[in-house]
Amino acid sequence: MSAGEICSDVPPRIDASADVVVIGAGACGLTAALRAKAAGADVLVLERDASPSGSTSMSSGFIPAPATRFQQAVGVNDDTPELFEADLLAKSKGKSEPTLTCLASQTIGPALEWLADAHGLEWVVLDDFLYPGHSRHRMHAVPEKTGAALLTRLLSAAENADIPIVTEARVTRLYVAPDSNDANDSTRITAVEITRPDGQVEILGCSALILACNGYGGNRALVAEHIPEIAGGLYYGHEGNTGDALLWGVSLGADLRHLSGYQGHGSLAHPHGILISWALMMEGGIQVNGSGQRFSNEHGGYSEQAVHVLQQPGGIAWNIFDRTRHDFALSFPDYQDAVGAGAIRQAESLTSLAQVTSLPEEPLRDTLTQVEACQRGASADPYGRDFSTKAGLTPPYYAVKVTGALFHTQGGMMIDRTARVLDATGKPFANLFAGGGAACGVSGPDVSGYLSGNGLLTAIAFGYLAGTFSAKVA
């Protein structure tokens, strides 16, 4: 039986039931479950893996949010949801869904503060650099600064709230029926069928269903269909993101938008598969191809940089930086992992840098000379980058070989202000909610529209709404 199957028959039996069933135990699903539980609903979370991990644990764990008390604690007193919304729209060139962009920017701050107040999550604001496109320091993280730690804290909160998480439970069928309470005959989800690894099937009744099972990045056929430009790149998302929500949406007649939108990343250590923080580029690092030449504006954004890197010979680039940036990056656990794995190479001189990277010395020397000229204002960068705000690169140099990768998709089901899924006519389903990668995001239809943190932004903001309002209809 394949995911995406919808059955309009009455379930042959109901083995168990809950007011709110959540599919997916990542940041979206757990936030939704915590919120629904707090509203008095009986909640059950279904997770296909033996242990919850997913895209949340693979992410940096950074969440953008405006006007929080955590920002104010580090001196950021002038951020607002409206300013954040403007940044989101500017990054997508106005192509992101305006209602969802407004909804996310208004909701994420209260959601993070609620997670802190109700469940003890600690938030720190990263105020030592700005990610591309953000006009204020608004990136929040748990103290460990990793997605895995964020997920661990959310799982601990769910455990403390007595929310059961059923693992190794892949949902393979949704049971639907006309909503008897709706004169317009909207569709209601009545039950879900789960299949265990041994083939055992169970049917769970529900009063409301939340789809929090991310996107379709792990489905090569869907990637090739909707985003062929990245189909040849590495996939650095969770293999379980096979598009279950998208396929259910197709079968249900949901309003699906921006399926060509996705988050890429142009700085995945190769062949180690370790994320190298883009903060290195923002602090003055550069990228060169195998010929030792720059090929883009590294400050345009790490998402679209994935495409630029994959267009280089062999789909490979080198991040070049110096000791000051290296020391700065050591504050990031992923970078520490890259150092431990031997991915970071050190060179005392430019000649040594060429040797340890196998890059041609003279073109590399020309590149660094051109960058130095841009840095002191003697010439303009042909790619439009402003080098004047950061000090130039000086020996010793550091380098890491990287490639471009697909992280997760950004398109999905349109939702209303309560996170209810909308059908193709704009009518909400009676009790179906979505968030995170299952819902249409705020990045628009292009890779360049992804603003740093958009994935966890919609996971937590829309999960917060889905949990709140699913409890009201349950």
Side-chain angles (χ1 to χ4, degrees), residues 26-28 31 55-56 58-92 96-98 100-116 121-147 149-151 154 261-265 275 277-279 281-282 299-304 332 407-408 410 435-437 439-444 448-465:
C28 179
T31 300
S55 296
T56 299
M58 299 181 73
S59 74
S60 62
F62 300 162
I63 309 154
T68 69
R69 66 174 186 265
F70 315 107
Q71 279 182 296
Q72 294 166 5
V74 297
V76 181
N77 299 305
D78 60 346
D79 200 7
T80 65
E82 292 75 21
L83 182 57
F84 184 26
E85 180 182 355
D87 287 350
L88 289 164
L89 289 170
K91 190 66 172 68
S92 72
S96 49
E97 290 293 339
L100 298 185
T101 305
C102 178
L103 187 65
S105 60
Q106 294 282 344
T107 304
I108 189 61
L112 293 190
E113 296 208 352
W114 180 81
L115 285 169
L121 269 76
E122 299 177 61
W123 302 114
V124 297
V125 175
L126 309 181
D127 61 348
D128 48 359
F129 67 96
L130 273 177
Y131 271 109
H134 287 284
S135 60
R136 297 291 186 278
H137 293 293
R138 61 167 70 102
M139 208 65 84
H140 295 64
V142 295
E144 300 87 346
K145 299 180 183 178
T146 68
L150 169 62
L151 184 63
L154 287 170
Y262 66 98
Q263 183 214 338
H265 206 295
L275 178 64
S277 174
W278 204 245
M281 296 299 110
M282 301 309 297
H299 284 189
Y302 61 70
S303 184
E304 56 265 49
F332 297 96
F407 273 42
H408 54 82
Q410 285 284 289
C440 178
V442 295
S443 302
S448 62
Y450 187 88
L451 185 66
S452 303
N454 272 3
L456 284 173
L457 164 65
T458 56
I460 291 179
F462 295 164
Y464 177 88
L465 294 170

K.L.:
Under the criterion side-chain hydrogen bond (donor to acceptor under 3.5 Å, both in side chains), which of Q410, E304, H408 is the partner of Q263?
P.N.:
H408
K.L.:
Would you say the side-chain atoms of Y450 pair up with the backbone N or O of G261, donor to acceptor, closer than 3.5 Å?
P.N.:
no
K.L.:
About how many Å separate CG of D127 and CZ of R138, when rounded to the nearest 0.5 Å?
P.N.:
14.0 Å
K.L.:
Before we go on, tell me: are the rings of Y464 and F462 under 6.0 Å apart, centre to centre?
P.N.:
no
K.L.:
Please report the closest heavy-atom contact between T146 and V142, naming both atoms and the distance.
P.N.:
O-CG2, 4.0 Å
K.L.:
Under a 4.5 Å cut-off applied to non-hydrogen side-chain atoms, are L83 and S135 in contact?
P.N.:
yes
K.L.:
So T107 and I460, do their side chains get closer than 4.5 Å, heavy atoms only?
P.N.:
no
K.L.:
Go through the structure and list residues passing side chain to side chain donor-acceptor pair (under 3.5 Å) with D78, not counting sequence neighbours.
P.N.:
R136
K.L.:
Determine yes or no for a side-chain-to-main-chain donor-acceptor pair under 3.5 angstrom, with S303 supplying the side chain and H265 the backbone.
P.N.:
no
K.L.:
Heavy atoms only: give me the nearest A27-L456 pair and the separation to one decimal.
P.N.:
CB-CD2, 3.9 Å
K.L.:
Do you know which two heavy atoms are closest between S105 and L88, and how far apart they sit?
P.N.:
CB-CD1, 4.4 Å
K.L.:
Minimum heavy-atom separation for D79 and A65, please, with both atom names.
P.N.:
OD2-O, 4.3 Å
K.L.:
Do L275 and S59 have side chains that approach each other closer than 4.5 Å (heavy atoms only, starting at C-beta)?
P.N.:
no
K.L.:
CG of L121 to CG of L112: how many Å apart, nearest 0.5 Å?
P.N.:
9.0 Å
K.L.:
If I compare all heavy atoms of S96 with all of T101, which pair ends up nearest, and what's the gap?
P.N.:
OG-OG1, 3.2 Å
K.L.:
Flag the pair P64 / L451 as yes when at least one side-chain heavy-atom distance between them is below 4.5 Å, and no otherwise.
P.N.:
no
K.L.:
Does any part of the side chain of F62, heavy atoms only, come nearer than 4.5 Å to the side chain of K145, both counted from C-beta?
P.N.:
yes
K.L.:
Search all heavy atoms of Q71 against all heavy atoms of H137 and return the closest pair with its distance.
P.N.:
NE2-O, 3.0 Å
K.L.:
To the nearest 0.5 Å, tell me how far Y131 OH sits from D87 CG.
P.N.:
15.5 Å
K.L.:
Rounded to the nearest 0.5 Å, how far apart are CG of L465 and OG1 of T458?
P.N.:
11.0 Å
K.L.:
Check whether any side-chain heavy atom of F407 sits under 4.5 Å from a side-chain heavy atom of M58, and report yes or no.
P.N.:
no
K.L.:
Go through it in stages, so that I can follow the logic: the residues are H134 and F84, the test is side-chain contact (heavy atoms from CB on, under 4.5 Å), and I'd like the CA-CA distance, side-chain angles, deciding distance and then a yes or no.
P.N.:
CA-CA 8 Å; H134 287 284; F84 184 26; 3.9 Å; yes
K.L.:
Distance from M281 atom CE to H299 atom NE2, nearest 0.5 Å?
P.N.:
8.0 Å
K.L.:
Once you round to the nearest 0.5 Å, how far does CG of L126 lie from OG of S452?
P.N.:
11.0 Å
K.L.:
Please work out which of the three classes, parallel, tilted or perpendicular, describes the rings of F70 and H140, given edges at 30° and 60°.
P.N.:
perpendicular
K.L.:
Would you say the side chain of W123 lies within less than 4.5 Å of the side chain of L150, judging by non-hydrogen atoms?
P.N.:
yes
K.L.:
Which is it for E113 and T68 under the side-chain contact (heavy atoms from CB on, under 4.5 Å) test, yes or no, and what are the steps along the way?
P.N.:
CA-CA 7 Å; E113 296 208 352; T68 69; 3.6 Å; yes
K.L.:
Taking side chain as C-beta onward, heavy atoms only, is L457 less than 4.5 Å from V442?
P.N.:
yes
